[in-house]
Amino acid sequence: MNPFLMYESGRFTWNGDGRRSEHRSGDDLPFAVWRDTSEHALTRPDQAARLASLGQEMFRWLDGPRQWLQALLQSAPPAPLIIEFRAPAQPNAAEHNFLEAPWELLHDGQQHWAAREDLQYCPIRRLGAPQPPAAPSSHRLALAFMAAAPEGEVVLDFEGEEAAILQAAPSDRLDLVVEDSGTLD
């Protein structure tokens, strides 16, 4: 199970190692400000410094007085480090802002987590609780599709490939799962 931070009804639940659950109140929510600040920083000549500063602010907030992120690093499995940021299936405005925060910018004071090859940090936003995938039909073709291109080769039109598959076998005759977060490993 991936570590997650759930924000629902003004309350946060953090589960960083599968055993520990902590709660924080939803006071002073900076999520919309972080989103707007990151968008504004992209237009500035000193954007790298501004984004690093914002990432450090986000890291401090998320780490909190109990140092959740640091504890997570101590107990984390090998890369990739995937953290889910969850909200209810029908999020209110605050929960929507939480999901839109630029979690990719987390910065531990040394560098952005997303730039650390040893972490391969990947934030995931999720609406609702994770659900197991539906079982494939015993009467239709089941297909898993993950497009990949060799490094240095021609870039594939991934969406075009997926559209061609759907056109060739309409969804009423095909169980198609598209995995677009794959890595070479």
Side-chain angles (χ1 to χ4, degrees), residues 1-7 12-20 22 24 26 28-87 91 94-127 130 145-159 161-162 178-185:
M1 180 170 86
N2 294 327
F4 68 87
L5 178 64
M6 176 74 179
Y7 178 51
F12 294 96
T13 303
W14 168 260
N15 186 337
D17 60 10
R19 296 183 306 258
R20 192 170 105 173
E22 307 274 349
R24 292 172 104 173
D28 301 323
L29 301 176
F31 308 126
V33 172
W34 288 345
R35 182 196 61 228
D36 295 344
T37 301
S38 68
E39 290 172 1
H40 178 69
L42 293 174
T43 65
R44 307 286 300 178
D46 58 345
Q47 67 177 291
R50 287 176 181 258
L51 293 174
S53 177
L54 177 59
Q56 290 172 39
E57 177 184 334
M58 295 175 68
F59 185 94
R60 283 190 301 273
W61 182 89
L62 186 54
D63 200 28
R66 298 200 181 210
Q67 299 182 322
W68 294 340
L69 292 177
Q70 293 176 49
L72 176 62
L73 285 180
Q74 300 287 329
S75 66
L81 175 59
I82 299 170
I83 299 178
E84 293 182 10
F85 295 88
R86 298 180 185 173
E95 294 158 348
H96 192 264
N97 287 336
F98 165 73
L99 290 177
E100 286 191 342
W103 298 111
E104 292 79 4
L105 294 178
L106 286 183
H107 191 295
D108 60 14
Q110 301 299 314
Q111 71 183 126
H112 291 283
W113 272 18
R116 287 185 52 182
E117 289 186 28
D118 63 320
L119 282 184
Q120 297 177 11
Y121 167 64
C122 178
I124 294 177
R125 290 148 177 95
R126 182 183 298 275
L127 291 172
F145 173 72
M146 184 170 80
E151 289 186 22
E153 299 294 322
V154 176
V155 177
L156 296 177
D157 176 11
F158 301 124
E159 284 86 18
E161 298 283 339
E162 181 182 346
V178 177
E179 176 57 50
D180 57 4
S181 63
T183 64
L184 184 58
D185 292 339

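- Using a 4.5 Å heavy-atom threshold, the side chains of Phe12 and Leu29 count as touching.
- Taking CG of Leu119 as the reference point, atom CD1 of Ile82 lies at 12.0 Å (rounded to 0.5 Å).
- Looking at heavy atoms from C-beta onward, Glu95 lies in side-chain contact with Tyr7 at the 4.5 angstrom threshold.
- When side chains are defined from C-beta on, Asn97 does not count as touching Val33, because their heavy atoms never get closer than 4.5 Å.
- Residue Phe31 holds its CZ atom at 13.5 Å from NE2 of His96, rounded to the nearest 0.5 Å.
- The shortest heavy-atom contact between Asp63 and Leu69 is OD1-N, 2.7 Å.
- To the nearest 0.5 angstrom, Trp113 atom CH2 is 10.5 Å from Asp118 atom CG.
- Distance check: Gln67 CD to Arg60 CZ gives 13.0 Å after rounding to the nearest 0.5 Å.
- Distance check, rounded to the nearest 0.5 Å: CG of Leu72 to CH2 of Trp14 gives 5.0 Å.
- Using modelled atom types, no side-chain atom of Arg50 and backbone atom of Thr37 make a donor-acceptor pair closer than 3.5 Å.
- Ring geometry for Trp103 against Phe85 counts as parallel: the plane angle stays under 30°, on a 0 to 90° scale with 60° as the upper cut.
- Here the side chains of Gln70 and Gln74 are not in contact, with every heavy-atom distance at 4.5 Å or above.
- When all heavy atoms of His112 and His107 are compared, the closest pair comes out as N-CD2, 3.3 Å.
- For the residue pair Ala114 and Tyr121, the shortest heavy atom distance occurs at N-CD2, 3.9 Å.
- Heavy-atom minimum distance, Pro102 versus Met58: O-CE, 3.3 Å.
- Pairing each heavy atom of Phe98 with each of Arg86, the nearest pair is CE2-O, 3.2 Å.
- For the atom pair CZ (Arg125) and CG (Leu99), the distance works out to 7.5 Å, reported to the nearest 0.5 Å.
- For the residue pair Ala41 and Gln47, the shortest heavy atom distance occurs at O-CB, 2.9 Å.
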